[in-house]
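The next block holds one structure in the form of structure tokens; read it before the comments.
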Amino acid sequence: MPELPEVETVANGLHKRVAGDRIESVWLGPKKEPLKSLPEEIIGALEGAKIRGVRRVGKHIVFDLRGARSDKGHWIVHLGMTGRMVVSAPQEAIAPHTHAIARLASGRELRFVDPRRFGRLSVVREEFTGPGTEPLTVGLDEFIALFRGRKTPIKAALLNQKLLHGVGNIYADESLFRAGIRPRRHAGRLSRDELKRLHKSLRKVLNEAIRLGGSSVSDYVDADGDEGFFQLRHRVYLRTGEPCFVCKTPIKRIELAGRGMHYCPKCQK
DNA sequence: ATACCGACCTGTCAGC
DNA sequence: TGCTGACAGGTCGGTA
């Protein structure tokens, strides 16, 4: 479900709804995959803590906390492929695959739901900066330097969270199309001009997707339960065999490291 | 250090 | 109707 624009939309929605609220108690489900910190650490950090704010770092949702006794801490949520963070009234039915519930002083509940269990919950004390560089604010020179000397395909480099964090399969494919670059090109062999186009198209695609509330491909919804609209603007992602909007050539799908990638064989060199 | 690949999970949809 | 296989927004650890 979630790449940078979706996580940004969810984090902003959560901030509006729960900033200033207090976590009174926490329930954790029996499955242990979703928990990256020990259950007692999560409960210890969350129970009694005030939510100062909610924001996005990379693909992570960060709840900034002020604990009951500890001064600060952060609740980090990664949604994986199918994770959702929803604000619910207590009487609402518990959805299948609910792994954590935080009961708030306002009477509402924050629920973490994740069928595939690729999502992760953790708590940290220190400031959370994420694994890589923020794609929305990275400057051109720093952007170019990230790829210097790398033999890996540019598509794989865009997905590498230690370089730029927040870019996933949709926005990698879409930004490469708009930059006219084939996904298998070696990252280190792209010209300065090509990287300049990619830098621009990536930020443009991400910002446009944020404006439209993200992409709802199958089940993504934001904190209010609303779908995004950027899927209507996809030019290559999941459009295998359909005509390119620019040149009518059928969009190709190839596999790299077990993941699908989509591109126009004529528009992308 | 770097790069590929399978593993981790469940759900949905198309085809037989 | 029901089975099977392909595919899905992501990351990790083992191996070359």
Side-chain angles (χ1 to χ4, degrees), chain A residues 1-11 29-37 56-61 76-85 95-99 112-122 130-132 135 146-176 183-189 202 205-206 209-210 212-223 226-242 251-262:
Chain A
M1 156 191 343
E3 303 182 31
L4 187 151
E6 292 77 34
V7 180
E8 174 93 11
T9 304
V10 170
K31 302 284 188 195
K32 53 183 191 296
E33 297 98 330
L35 308 182
K36 210 169 140 193
S37 302
R56 175 196 64 79
V57 175
K59 289 177 194 169
H60 301 263
I61 299 169
I76 314 294
V77 179
H78 194 298
L79 297 174
M81 292 270 258
T82 52
R84 297 170 60 176
M85 263 306 229
H97 310 292
T98 297
H99 304 298
F112 177 65
V113 183
D114 183 15
R116 278 179 84 176
R117 276 180 262 147
F118 287 173
R120 294 290 180 267
L121 306 180
S122 61
L146 288 173
F147 304 108
R148 197 164 289 145
R150 295 193 177 267
K151 289 191 190 149
T152 192
I154 184 62
K155 170 72 185 272
L158 285 173
L159 295 179
N160 182 345
Q161 301 297 298
K162 290 186 180 135
L163 301 178
L164 292 168
H165 58 203
V167 183
N169 218 21
I170 294 175
Y171 301 101
D173 278 1
E174 293 297 319
S175 60
L176 285 169
R184 280 222 248 242
R185 293 275 306 281
H186 285 340
R189 297 236 187 97
L202 178 61
V205 161
L206 293 173
I210 290 169
L212 295 178
S215 299
S216 292
V217 173
S218 66
D219 56 4
Y220 162 76
V221 289
D222 67 16
D226 294 326
E227 295 192 342
F229 291 96
F230 192 74
Q231 67 279 8
L232 304 173
R233 305 282 182 95
H234 292 178
R235 298 190 191 163
V236 287
Y237 182 74
L238 290 188
R239 295 195 63 245
T240 312
E242 294 173 45
I251 298 302
K252 254 183 116 162
R253 178 184 186 277
I254 54 177
E255 230 166 81
L256 180 83
R259 318 203 51 182
M261 54 171 109
H262 314 79

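Here the structure is a predicted model, which means the values were calculated and not measured.
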Sugar-phosphate, base or nothing in reach of A:Y237, heavy atoms under 4.0 Å: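 The residue A:Y237 makes sugar-phosphate contact but no base contact.
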Sugar-phosphate, base or nothing in reach of A:P5, heavy atoms under 4.0 Å: nothing
Minimum heavy-atom separation for [X] to [Y], with atom names?
X: A:R116; Y: A:T82; answer: N-OG1, 3.1 Å
X: A:S175; Y: A:L158; answer: OG-CD1, 4.2 Å
X: A:V113; Y: A:P96; answer: CG1-O, 3.4 Å

Atom-pair distance ([atom1] on [X]; [atom2] on [N]), nearest Å:
X: A:L158; N: C:dG10; atom1: CG; atom2: C1'; answer: 15 Å
X: A:I76; N: C:dT11; atom1: CD1; atom2: P; answer: 14 Å
X: A:L159; N: B:dA3; atom1: CG; atom2: P; answer: 13 Å
X: A:H186; N: B:dC4; atom1: NE2; atom2: C1'; answer: 13 Å
X: A:L238; N: C:dA6; atom1: CG; atom2: C1'; answer: 13 Å
X: A:K155; N: B:dA3; atom1: NZ; atom2: P; answer: 16 Å
X: A:N160; N: C:dC12; atom1: CG; atom2: P; answer: 11 Å
X: A:F147; N: B:dA3; atom1: CZ; atom2: P; answer: 12 Å

Candidates C:dA8, C:dG10, B:dA3 - which lies nearest the side chain of A:H262: C:dA8
Candidate nucleotides C:dT11, B:dC4, C:dA8, ranked by approach to the side chain of A:Q161 - the nearest: C:dT11
For DNA chain B, the dot-bracket pattern of Watson-Crick and G-U pairs whose distances stay under 3.5 Å, | for other-strand partners: .|||||||.|||||||
Could you pull out all residues at least two apart from [X] that satisfy side chain to side chain donor-acceptor pair (under 3.5 Å)?
X: A:R259; value: none
X: A:R233; value: A:E208
X: A:H165; value: A:E134

Expected list for residues 148-156 of chain A: side-chain donor-acceptor pairs under 3.5 angstrom, two or more places apart:
residue	atom	partner	partner atom	Å
A:R150	NE	A:L146	O	3.1
A:K155	NZ	A:N169	OD1	2.7
A:K155	NZ	A:D173	OD1	2.6

5' precedence on DNA chain C between A:R259 and A:E255 (nearest-nucleotide basis):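 In this pair, the answer is A:E255.
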With a cut-off of less than 4.0 Å, is there a side-chain N or O of [X] near OP1 or OP2 of [N]?
X: A:K59; N: C:dG10; answer: yes
X: A:H78; N: C:dT11; answer: yes
X: A:K162; N: B:dT2; answer: no

P atoms of B:dC5 and C:dC7, separation to the nearest Å: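 Comparing P positions in B:dC5 and C:dC7 gives a spacing of 16 Å.
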C:dA6 and B:dG6, which share atom name P, separated by this distance in whole Å: 14 Å
A:Y171 and A:F230 aromatic ring geometry - parallel, tilted or perpendicular at 30°/60° bounds: tilted
Base-contact (B) and sugar-phosphate-only (S) positions in nucleotides 9-16 of chain B, heavy-atom cut-off under 4.0 Å, - elsewhere: BBS-----
Candidates A:Q231, A:H234, A:E174 - the one meeting side chain to side chain donor-acceptor pair (under 3.5 Å) with A:S215: A:H234
Rounded distance (nearest 0.5 Å) linking atom CG of A:L232 with atom CD of A:E227: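 Rounded to the nearest 0.5 Å, the CG-CD separation comes to 9.5 Å.
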